[in-house]
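Just below is one structure, and these are the notes that go with it.
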Amino acid sequence: MLAGRRPPFLNQANMPELPEVETIARSLREPPENDAGIITMRVTGAKVLWEGTLANLTPRAFTRRIKGQSLEDIGRRGKFLVFTFSTDTMLIHLRMSGDLRIEKVTSPEGDMVPLLKHDHLALTFKNGLRLVFNNPRKFGRAWLLKDPREVLDDLGPEPFDEPLTAEVFHQMLTGRSRQLKPLLMDQRFLAGLGNIYTDEALFRVKLHPLTRSDDLAAEQSGMLLKAIRDVLWDGIRRNGASIDWVYRGGEFQNHFNVYGRKGDPCPDCGTLIERLLVGQRGTHICPACQKKK
DNA sequence: CACGTCACCTGCGTGC
DNA sequence: TGCACGCAGGTGACGT
């Protein structure tokens, strides 16, 4: 389809920012009709296939602790997936290449379904399903915690939180003196934005990624917050449109205005999109629309 | 405090 | 055809 148009890595990796993680949380939580899910189910076993997956426990301690607990809910905070069990909470961060899937442990013929390359953690549930964490680049991590706040308290506000008004956001921005893009991607400042959605949000408000955060007028801060919410919402909407239980090929990548589109004409003015480095990250702008002050 | 750099890791595309 | 190389994603540690 549009394969020739997208950056090469989009064909093989996920880029889990807030909308992708939200999409995964929903797909794990809401299995298709007539299929059981794993919510309310008890864990009957755990297999840790790569020790480094676990951020805070040994495989032995993890397995012993999670066995017998029931899964009560699956949610999201920032880019973390939050699995609430009866006594502990499991957090999973996919970083850049992680993936989660739910599948039956046994095939219809009665054979064990083999795990795949790069499957690093698998939880089996009482109803014959298992949750598998596939983690090719070994960047993703799982935590098992009595109190998830231990990790999640370091995160900034959720972009859609109601108390995050334009005024509050303006105070947050002008209370710092940092380059806009690295600040927006700082999870302690705001939780959920990554490289792609940040580029897209900045393009929508015509701000250069190197703009100083304390140079923004109140009105600009308000527009930036709206752009962030719009672009995240568009991402959620487009991923939500095409996923099912285990397959979740979103299609927001076909709607990028600047990300991965170096050399393409700006959709607003036709100037060719440029790629620059900001804080070591590939950054895409329209040099005409997004002028540096 | 802000910012730069590097390390982590694998697999894909590119260019020789 | 094979192969070395660059590069992408998110974050944390560390140096300036």
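Bear in mind that the values here come from a model prediction, so they are computed numbers and not experimental data. Chain letters run A, B, ... following the sequence lines, proteins first, then strands; residues in each count from 1.
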Value in whole Å for how far the P atom of B:dC1 lies from CE of A:M172: 15 Å
Rounding to a whole Å, what distance do you find between A:I92:CD1 and C:dG10:P? 18 Å
Atom-to-atom span, CZ of A:R188 to P of B:dA2 - whole angstrom: 10 Å
If you count every heavy atom of other residues, nucleotides or ligands that lies below 6.0 Å from A:K206 atom NZ, does the total exceed 12? yes
Can you tell which of B:dC9, C:dG12, C:dC7 lies closest to the side chain of A:K138? B:dC9
Nucleotide N/O of nucleotides 3-7 of chain B paired with protein N/O under 3.5 Å:
residue	atom	partner	partner atom	Å
B:dC3	OP1	A:R212	NH1	2.6
B:dC3	OP1	A:R212	NH2	2.8
B:dC3	OP2	A:Q179	N	3.3
B:dT5	OP2	A:Q280	OE1	3.0

When you look at CD of A:E150, are more than 12 heavy atoms from neighbouring residues, nucleotides or ligands closer to it than 6.0 Å? no
Is the number of heavy atoms from other residues, nucleotides or ligands under 6.0 Å of A:W50 CH2 greater than 12? yes
Stems in DNA chain B, runs of 3 or more consecutive Watson-Crick or G-U wobble pairs with both distances under 3.5 Å, sorted by first number, are B:2-16 with C:2-16
Among C:dG10, C:dC7, C:dG9, which nucleotide sits nearest the side chain of A:Y259? C:dG9
Checking A:T84 against A:E72: is there a side-chain donor and acceptor pair closer than 3.5 Å? no
The side chain of A:R281 lies closest to which of these nucleotides: B:dG11, C:dT11, C:dC7? C:dT11
Identified side chain to side chain donor-acceptor pair (under 3.5 Å) partner of A:D199 from the options A:R275, A:R261, A:K181: A:K181
Pick base, sugar-phosphate or nothing for A:R176, based on heavy-atom distances below 4.0 Å to the nucleic acid. sugar-phosphate
Counting neighbours of CZ on A:R188 that are heavy atoms of other residues, nucleotides or ligands and sit closer than 6.0 Å, is the number greater than 12? no
Aromatic stack A:F139/B:dC8: centroid gap under 5.5 Å, interplanar angle under 30°: yes
A:R204 and side chain to side chain donor-acceptor pair (under 3.5 Å): which single residue from A:D234, A:D230, A:N257 fits? A:D234
Given C:dG9, is OP1 or OP2 found less than 4.0 Å from the side-chain N or O atoms of A:K79? no
So, is A:K117 close to the B:dT10 phosphate, meaning a side-chain N or O under 4.0 Å from OP1 or OP2? no
Can a side chain N or O of A:H118 be found less than 4.0 Å away from OP1 or OP2 on B:dG11? yes
Ring centers of A:F133, A:H120 separated by less than 6.0 Å: no
Can you check the A:E17 CD to C:dA8 P distance for me, whole Å? 15 Å
Does A:Y197 have a side-chain nitrogen or oxygen under 4.0 Å from the phosphate oxygens OP1 or OP2 of C:dG9? no
Does the side chain of A:N134 pick up a donor-acceptor pair with the side chain of A:D99 at under 3.5 Å? no
C:dC7, C:dG12, C:dG9: which one has an atom nearest the side-chain heavy atoms of A:R137? C:dG9
